[in-house]
Student: 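Sending over a structure as structure tokens; questions will come in a sec.
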Amino acid sequence: MPDGQIKAQTLKGFRDFLPAQMVLRQHVIGTLRHVFEQHGFEPLETPVLEYAETLEGKYGDDERLLYRFTDHGDRRVGMRYDLTVPLARVVGQYVNTLAFPFKRYQIQPVWRADRPQKGRYREFYQCDVDIVGTSSPLADAECVSLYYEGFRDLGFVNYQTLLNSRKLLTAIGIYAGAGEQAGSIFRAIDKLAKVGETGVIGEMIAGGVSIEASRRAIDIVKMSQGRRDQSDDLKLIANLRQPFADIPVGIAGLDELEAMIKLLPDFGVPDRYYKLDLTLARGLNYYTGAVFEVVSQDIQIGSLGGGGRYDELVGMFSGRSIPTVGASFGLERIIDVIEEAKIGGPLPRTTSEVFVTVFNSAMLASALAITGELRAAGINTEVAYEPDSGLKKQLRYAGNKGISLAIIEGPDEQAKGEVMLREIGESGDKDAIPNQTTVRRDEIVAAVKVRLAKP
RNA sequence: GUGGCUGUAGCUCAAUGGCAGAGCGCCUGACUGUGGAUCAGGAAGUUGUGGGUUCGAGCCCCAUCAGCCACCCCA
């Protein structure tokens, strides 16, 4: 290594995505984008950098995670921390040119100076879908349907979207008599599954809630256990009307949740993919209505997505309330779960579909002609760069790279007007036998399409 | 941000303070038209980096960089 050469390394919490990983990432992003556009959402991108004051004061204690610095023009700037605040800025800036309800999706990296762990990075992609400018429960229900269709198309089977409402949690706090400490109830309740009943009560007491109030809150929350199908969600809502009779915010929350849940079958969301869960709180404090969270039942991991209604945040750059509901897909974790649980069947490791071997220099022109025909037919094709390196070496390269199909044309085939299609499996299989067929040279494109199952 | 664990070949890991190794992978050949199997050979390392202790450091000490775990918080 020459003197002074800089060590090749990535910054803490930052990653490279090599081609095999990119194939999966692009597959996931492409699948979700397709679902969003089917529902009429439009793409949006915003800059990495924002004025620091645009971002400051929006994230509470977590503001310490904000990347901030002074740029070359002495401006105080910050790196995008999420996609929600930039959305609010865009709405404020273009309020007169956007068509409302404004439906946008945004898939871009965000940056947080957090301490990294597995599934936790300083640069990671967020994938947000939001509907800005309507209070309709149809918009809330559509978010749940986006989760259903998105995860369905990715091949997920064992997952559920948990539903709740911030208004119900507020009502539970009032009902329990937690008074000023109502807020600290949320976070404790959210951990019920993790720390158990006594753990939750302990956290509430630590947060200044009385024992009696904690018990009353827990008793209400436990009513959402044992759900079998949608009728139990609706029964639970009906049962809560009595204790919340004198709590207007509770009744409002029940009405909204009921309207949303009743719409789900009409959106085509099957019963088993959602559930009303009174323990769901969500960490962010800007939610004002419905909240959702997608949990995997295959793998123990944090949520695969979450969202909800936040009617006050998006209008903060516009000087008025703009009702908004949104859903976020946890791209990095979705990818982790797909890899770990092998969801959706095997994916290729490369975007190359066909490898054209070159038998020798004399056959090069013919190989390039085949390559050109395949490319013109929309097939990702690469050709060997060393005509005289031999079939062995060329096929080994194709196998190592993960290309599933090779084309071989030697003098014998050429004389008969044929070529060979050789399928290439994953290496390491001792019992694998070569699988190759001969096709007519003038039918090569059609034959390759059949092999690749392309239309 | 708090507390802890770990960094040795491309990968997974060995090596009482005393000569840096194995398996897999990679490259070459046996195999004269076909990756994977078998056999033979080969390349590959400033032990993350920088200091210190020691006759001697992969091993002990300090710092630093990075990964991981539990909190916190979240995606």
Side-chain angles (χ1 to χ4, degrees), chain A residues 1-3 5-15 18 59-66 81-84 107-128 187 190-191 194-195 203 281-285 293-296 301-307 327-337 355-360 362-363 384 387-415 419-438:
Chain A
M1 199 180 276
D3 269 355
Q5 184 162 335
I6 297 186
K7 187 180 176 188
Q9 61 175 345
T10 47
L11 224 46
K12 179 204 280 278
F14 288 72
R15 297 165 292 168
L18 297 180
Y59 305 113
D61 292 342
D62 283 347
E63 190 158 310
R64 65 188 163 85
L65 303 181
L66 195 60
Y81 179 90
D82 65 11
L83 303 180
T84 306
I107 304 171
Q108 285 191 275
V110 301
W111 293 269
R112 298 182 188 178
D114 205 354
R115 182 181 288 205
Q117 271 181 41
K118 188 171 192 143
R120 191 165 178 163
Y121 308 98
R122 290 188 163 182
E123 177 184 56
F124 62 95
Y125 274 72
Q126 284 200 332
C127 176
D128 279 18
R187 208 155 281 177
D190 198 46
K191 294 182 179 167
K194 195 174 175 184
V195 300
E203 287 221 18
R282 302 285 300 155
L284 299 170
N285 51 25
E293 187 160 298
V294 181
V295 293
S296 164
I301 194 168
S303 63
L304 296 180
S328 181
F329 287 73
L331 200 60
E332 311 293 350
R333 285 182 182 168
I334 289 170
I335 288 166
D336 284 348
V337 171
F355 185 85
V356 179
T357 60
V358 181
F359 191 83
N360 56 36
M363 300 292 297
D388 297 307
S389 59
L391 288 177
K392 184 186 181 77
K393 197 168 179 181
Q394 294 178 21
L395 288 169
R396 184 160 60 205
Y397 167 80
N400 287 348
K401 190 163 172 176
I403 303 174
S404 62
L405 195 60
I407 288 175
I408 298 168
E409 185 198 32
D412 296 350
E413 287 80 17
Q414 191 177 44
V419 296
M420 305 249 273
L421 295 192
R422 177 161 167 79
E423 292 196 8
I424 303 180
E426 288 302 318
S427 60
D429 184 356
K430 298 177 186 186
D431 305 319
I433 49 168
N435 182 3
Q436 58 187 26
T437 53
T438 302

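Naming: A, B, ... by sequence-line order, numbering from 1 per chain.
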Student: What is the distance, to the nearest angstrom, from the CG atom on A:L405 to the P atom on B:U34?
Tutor: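 Checked: the CG to P distance equals 19 Å.
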
Student: Which atoms form the tightest heavy-atom contact between A:D336 and A:G119, and what is the distance?
Tutor: OD2-CA, 4.0 Å

Student: For A:D61, report the nucleic acid contact type (base, sugar-phosphate, nothing); a contact means any heavy atom under 4.0 Å.
Tutor: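 Answer is nothing: A:D61 stays at 4.0 Å or more from every strand.
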
Student: Quick check on salt bridge (Lys or Arg N to Asp or Glu O under 4.0 Å): which of A:R15, A:K118, A:R120 does A:E332 satisfy it with?
Tutor: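 Filter result, single survivor: A:R15.
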
Student: Give one of base, sugar-phosphate or nothing for A:Q9, where a contact means two heavy atoms less than 4.0 Å apart.
Tutor: sugar-phosphate

Student: Atom CG of A:L65 to atom P of B:G1: distance rounded to whole Å?
Tutor: 9 Å

Student: Going by 5.5 Å between centroids and 30° between planes, is there a stack of A:Y397 over B:G35?
Tutor: no

Student: Taking the side chain of A:L391 as its heavy atoms from C-beta onward, which of B:U34, B:C72, B:C74 lies nearest to it?
Tutor: B:U34

Student: Mind checking if A:F329 touches a base, just sugar-phosphate, or nothing, with heavy atoms under 4.0 Å?
Tutor: nothing

Student: For the side chain of A:R422, starting at C-beta, report the closest nucleotide among B:C72, B:U34, B:A66.
Tutor: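 When the side chain of A:R422 is considered, B:U34 is the closest of B:C72, B:U34, B:A66.
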
Student: Which residues pass the side chain to side chain donor-acceptor pair (under 3.5 Å) test with A:Q117, not counting sequence neighbours?
Tutor: none

Student: Under the side chain to side chain contact (heavy atoms under 4.5 Å, CB included) test, which residues partner A:K401, sequence neighbours left out?
Tutor: A:T350, A:S352, A:E382, A:Y397, A:I403

Student: Does A:E423 reach a base, just sugar-phosphate, or nothing at all? Heavy atoms under 4.0 Å.
Tutor: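 Base contact.
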
Student: Side chain of A:D62, heavy atoms from C-beta onward: which of B:C73, B:A75, B:U34 has the nearest atom to it?
Tutor: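 When the side chain of A:D62 is considered, B:C73 is the closest of B:C73, B:A75, B:U34.
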
Student: Test for a donor-acceptor pair under 3.5 Å between the base of B:U34 and the side chain of A:Q436, counting only N and O atoms.
Tutor: yes

Student: To the nearest angstrom, how far is A:R120 atom CZ from B:C71 atom P?
Tutor: 10 Å

Student: How would you label the contact of A:G13 with the nucleic acid (heavy atoms, under 4.0 Å): base, sugar-phosphate, or nothing?
Tutor: sugar-phosphate

Student: Counting Watson-Crick and G-U wobble pairs whose two distances are both under 3.5 Å, find the runs of 3 or more in a row that involve RNA chain B.
Tutor: B:1-7 with B:65-71, B:10-13 with B:21-24, B:26-30 with B:38-42, B:48-52 with B:60-64

Student: Counting heavy atoms from C-beta on, name the nucleotide in B:A75, B:G33, B:U34 closest to the side chain of A:M420.
Tutor: B:U34

Student: What integer number of Å spans the P atoms of B:C61 and B:C5?
Tutor: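 The answer is 11 Å between these two P atoms.
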
Student: Residues two or more places apart in sequence or in another chain: which of them pass side chain to side chain contact (heavy atoms under 4.5 Å, CB included) with A:D388?
Tutor: A:N360, A:S361

Student: Locate the shortest heavy-atom distance separating A:L395 from A:A406; write the atom from each residue and the value.
Tutor: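 Where A:L395 meets A:A406 most closely, the heavy atoms are CD2-CB, 3.7 Å.
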
Student: Could you tell me whether A:R282 contacts a base, only the sugar-phosphate backbone, or nothing, with contacts defined as non-hydrogen atoms closer than 4.0 Å?
Tutor: sugar-phosphate

Student: Nearest to the A:R115 side chain among B:U34, B:G1, B:A75, which nucleotide is it?
Tutor: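 Of the candidates, B:G1 comes closest.
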
Student: With rounding to the closest Å, how many angstrom separate the P atoms on B:A14 and B:G48?
Tutor: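 Straight-line distance between the two P atoms is 14 Å.
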
Student: What's the CG-C1' distance between A:L11 and B:U64, to the nearest Å?
Tutor: 14 Å

Student: Below 3.5 Å between N/O atoms, which protein atoms pair up with nucleotides 27-29 of chain B? Just atom names and distances, please.
Tutor:
from	atom 1	to	atom 2	distance (Å)
B:U28	OP1	A:K393	NZ	3.1
B:U28	OP2	A:R396	NH2	2.6

Student: Ignoring hydrogens and angles, answer whether the base of B:G67 and the side-chain atoms of A:R122 contain a donor-acceptor pair closer than 3.5 Å.
Tutor: no

Student: Closest nucleotide of RNA chain B for A:G306 versus for A:I424: which of these residues is on the 5' side?
Tutor: A:I424

Student: Of A:G330 and A:P116, whose closest RNA chain B nucleotide lies nearer the 5' terminus?
Tutor: A:P116

Student: Just how far, in rounded Å, is C1' of B:C73 from NZ of A:K118?
Tutor: 20 Å

Student: Which is true for A:Y121 with a 4.0 Å heavy-atom rule: it touches a base, it touches only sugar-phosphate, or it touches nothing?
Tutor: base

Student: Pairs under 3.5 angstrom, nitrogen or oxygen only, protein versus nucleotides 42-45 of chain B, please.
Tutor:
none

Student: Once you round it to whole Å, what is the distance between C1' of B:C72 and CZ of A:R112?
Tutor: 14 Å

Student: Regarding A:E413, tell me which of base, sugar-phosphate or nothing describes its non-hydrogen contacts under 4.0 Å with the strands shown.
Tutor: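 Base contact.
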
Student: What's the gap between B:C62 and B:G4 when it is taken at their P atoms, as a whole Å value?
Tutor: 12 Å

Student: Does the side chain of A:Q117 get closer than 4.0 angstrom to OP1 or OP2 of B:A70 through an N or O atom?
Tutor: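 Indeed, a polar side-chain atom of A:Q117 lies that close.
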
Student: Just the rounded figure in Å: distance from C1' of B:C73 to CG of A:D82.
Tutor: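 Rounded to whole Å, this separation is 14 Å.
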
Student: Rounded to whole angstroms, how far apart are CG on A:L395 and C1' on B:C31?
Tutor: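 Going from A:L395 (CG) to B:C31 (C1'), I get 14 Å.
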
Student: Examine distances only and state if a side-chain atom of A:E293 and a backbone atom of A:R282 form a donor-acceptor pair shorter than 3.5 Å.
Tutor: no

Student: Using a cut-off of 4.0 Å on non-hydrogen atoms, how would the nucleic acid contact of A:G390 be classed: base, sugar-phosphate, or nothing?
Tutor: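 It contacts nothing in the nucleic acid.
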
